[in-house]
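This report concerns only the one structure given below.
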Amino acid sequence: MSPARAHIVGVGESAYARWGKIGEVSEHALACQAIQRAVADAGLSMDDVDGLASFAEDRNEAVFLAAELGLPALRFGNMVWMPGGGGGCAAVSNAAMAVETGQAEVVVVYRSLCQGQFYRFGSGGVSADAPAEPPVPSLQQANSLLMASMGFAMPYGLLMAAAAYALPTRRHMHLYGTTSEQLGLLAVTFREHASRNPRAVMGGRPLTLEDHQASPMIADPHRLFDCCLESDGACAVVVTTEERARDLAKRPVEILGSEQGAPRGYAFGPFTNANIPDALYATGGGEEMAGRLWAKTGLSPADVDVAQLYDHFTGCVLMQLEDYGFCERGEAGGFIESGALAWEGGSLPTNTHGGSLSEAYIHGLNHVVEGVRSLRGESTSPVENAEVCLVTSAACVPSSALLLGRK
Amino acid sequence: MSERFFPDTMPPPMADGTSLPWWEAAAEHRLVVQECGACQATRLPPSPVCPDCRSDQFGWREVSGQGEVYTFTRVHRPLGAGQAIPFVIAVIALEGSGGLRMISNVVGIDADAVAIGMRVEVVWEDMSPDLAIPRFRPTDD
């Protein structure tokens, strides 16, 4: 018996908004909305769903959502260990494993973010206001392995992801002559794609390279427009078996292959680890994973018609282009300058929804949603006859990736 | 007390049993790296088992505090009250450490003058009588 291939059969999302703009609706209510829309898109009912999967220390635990949504039973509830957005594709991969092995039949992968209701990523709990009583600096007890690891970053003021991923990007510039303008072209390209996408938070805000170069420096080389949005919103994708996928509402998308993980000695990546091997430091850390993905699917970078690459920061997109073999190491700057990533005329149209830089930052699960739409012919920046789409989740942290195929 | 570079509101370090000896050495202004008791490979941050030979025997080797900038960023967002910007976060390659690096700051120089390859040396900042943080400043040569 050949292994059953899992398929993605439904996608859905809430409205996307700027950080803190969704204050009345709770984060888990938004998750429920996205899940219901994805299930409806598939032509399924909540009575068909028996599994839920998420990632990135999700606050909205599957056991509660299963009860809130009236699932007949929760047979599979899964959370991925990859930090932050690194677990998006991995959560889809775990859902696929569940349906392929009969642990569950219909698994919904979800992510909801209403950061304004909680804390802001990167603040490290530091207030901009002077404290009433000045603290006496002292060594604190770490309440987790992650915080013990952050103990070698936070006392130096390394709290923001923008600063952490500036470190490998600066090294890439030093080694290969990569420029801020090349990074800026990525932001400009993805913004142009967002201009056709009514869901995109920045859809009505054109961006030029001059705007990028004039934007405030955050943590150099990262300017404001090198950094992804901070958004409120939720999205979800429905995974089921090949057999169930055959007669549902929409054209199913096949999961051709998936990979997750990190290379030797990587730990959390450059955010806390200064001792990533030299050959890996100025990369996204995904090269080995990419090699396994090509090997197991028999595909190569030349087979990819459209890509949805995790874009928390422009530098991390640039390094992924090299990790996945779309160009040689050190040559991504020139590859970007060639216009390769543009919807119009590019050899590798990338982030056709606008990405986290211009559609919304939903920890990259919206890239999986767009990957499905791009193979269904539903993207607002459609790539004609696209058959294979690469989706990635994060870079410069342990990460994951999917190769999706049109049926 | 030493010269101060960052305000008291800077996030304090957090340690567990594995990393505590590193911070105790720092309180004595000793910059140390962990050294495997079996194969002598060095490692940072501290961890329970040697990733090379998997021995759980280890000791601590003091290093000179000399090094060079491996990569860096200038942060233009203040970290709360009293924080001057831009400030420099850098990865420092530590001399005599068996090829190790650490995250720290480069202080005592205009942020725009920091460059990869710049020679630096440790400067201890006593945040309080019980807490010292190693920063780095350019060497004179």
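Keep in mind that the numbers below use all heavy atoms, side chains included, and drop hydrogens, waters and symmetry copies. Order of the sequence lines fixes the chain letters, A, B, ..., with proteins taken first and strands second; residue numbering starts at 1 for each chain. No experiment lies behind these values; they were computed from the predicted model shown.
- The part of A/F271 that comes within reach of chain B is its backbone (N, CA, C, O), which places non-hydrogen atoms under 4.5 angstrom from that chain.
- Heavy atoms of B/D130 lying under 4.5 Å from chain A are absent altogether.
- With rounding to the nearest 0.5 Å, the separation of CE in A/M289 from OG1 in A/T392 is 8.0 Å.
- Only the side chain of B/R135 comes within less than 4.5 Å of a heavy atom in chain A; its backbone stays farther off.
- Residue B/P134 touches chain A through both its backbone and its side chain, counting heavy-atom pairs closer than 4.5 Å.
- Note on B/S104, B/A115, B/P78, B/S19: by heavy-atom pairs under 4.5 Å with chain A, the leading option is B/S104.
- The part of B/I133 that comes within reach of chain A is its side chain, from C-beta onward, which places non-hydrogen atoms under 4.5 angstrom from that chain.
- Neither the backbone nor the side chain of B/F6 comes within less than 4.5 Å of any heavy atom in chain A.
- Each of B/R77, B/Q83, B/R74 has some count of heavy-atom pairs under 4.5 Å with chain A, and the biggest count is that of B/R74.
- Heavy-atom distances place no part of A/M173 under 4.5 Å from chain B, backbone and side chain included.
- A salt bridge between B/E121 and B/R137 is present, with a side-chain N of the basic residue lying under 4.0 Å from a carboxylate O of the acidic one.
- No side-chain N or O of B/S97 forms a donor-acceptor pair with one of B/E95 less than 3.5 Å apart.
- For the side chain to side chain contact (heavy atoms under 4.5 Å, CB included) criterion with B/L94, the lone passing option out of B/R101, B/E68, B/M102 is B/M102.
- Annotation for B/C36 and B/C50: closest pair SG-CB, 3.7 Å, computed over non-hydrogen atoms.
- The contact between B/L20 and chain A is made entirely by side chain atoms (from C-beta outward), counting heavy-atom distances below 4.5 Å.
- If you measure heavy-atom distances from A/N143 to chain B, you find no contacts under 4.5 Å at all.
- Between A/E322 atom CD and A/T283 atom OG1 the span is 9.0 Å, to the nearest 0.5 Å.
- By number of non-hydrogen pairs under 4.5 angstrom with chain B, the leading residue of A/A162, A/G151, A/P155 is A/P155.
- Neither the backbone nor the side chain of A/S149 comes within contact range of chain B; no heavy atom of the residue lies under 4.5 Å from a heavy atom of that chain.
- A/H172 contributes atom NE2, which lies 6.0 Å from atom OH of A/Y176 (distance to the nearest 0.5 angstrom).
- Between A/Y281 and B/Y70, the ring planes are perpendicular. Angles over 60° get that label, and only those under 30° would be called parallel.
- In plain terms, the two heavy atoms of B/V120 and B/V69 that are nearest each other are CG1-CG2, 4.0 Å.
- For the options A/A163, A/A166, A/G157, heavy-atom pairs under 4.5 Å to chain B are most numerous at A/G157.
- Each of B/A15, B/A27, B/A93 has some count of heavy-atom pairs under 4.5 Å with chain A, and the biggest count is that of B/A15.
- Remark: aromatic rings of B/F5 and B/W124 are distant, center separation not under 6.0 Å.
- With chain B as partner, the option from A/S138, A/A219, A/P137, A/P221 having the largest number of non-hydrogen pairs under 4.5 angstrom is A/P137.
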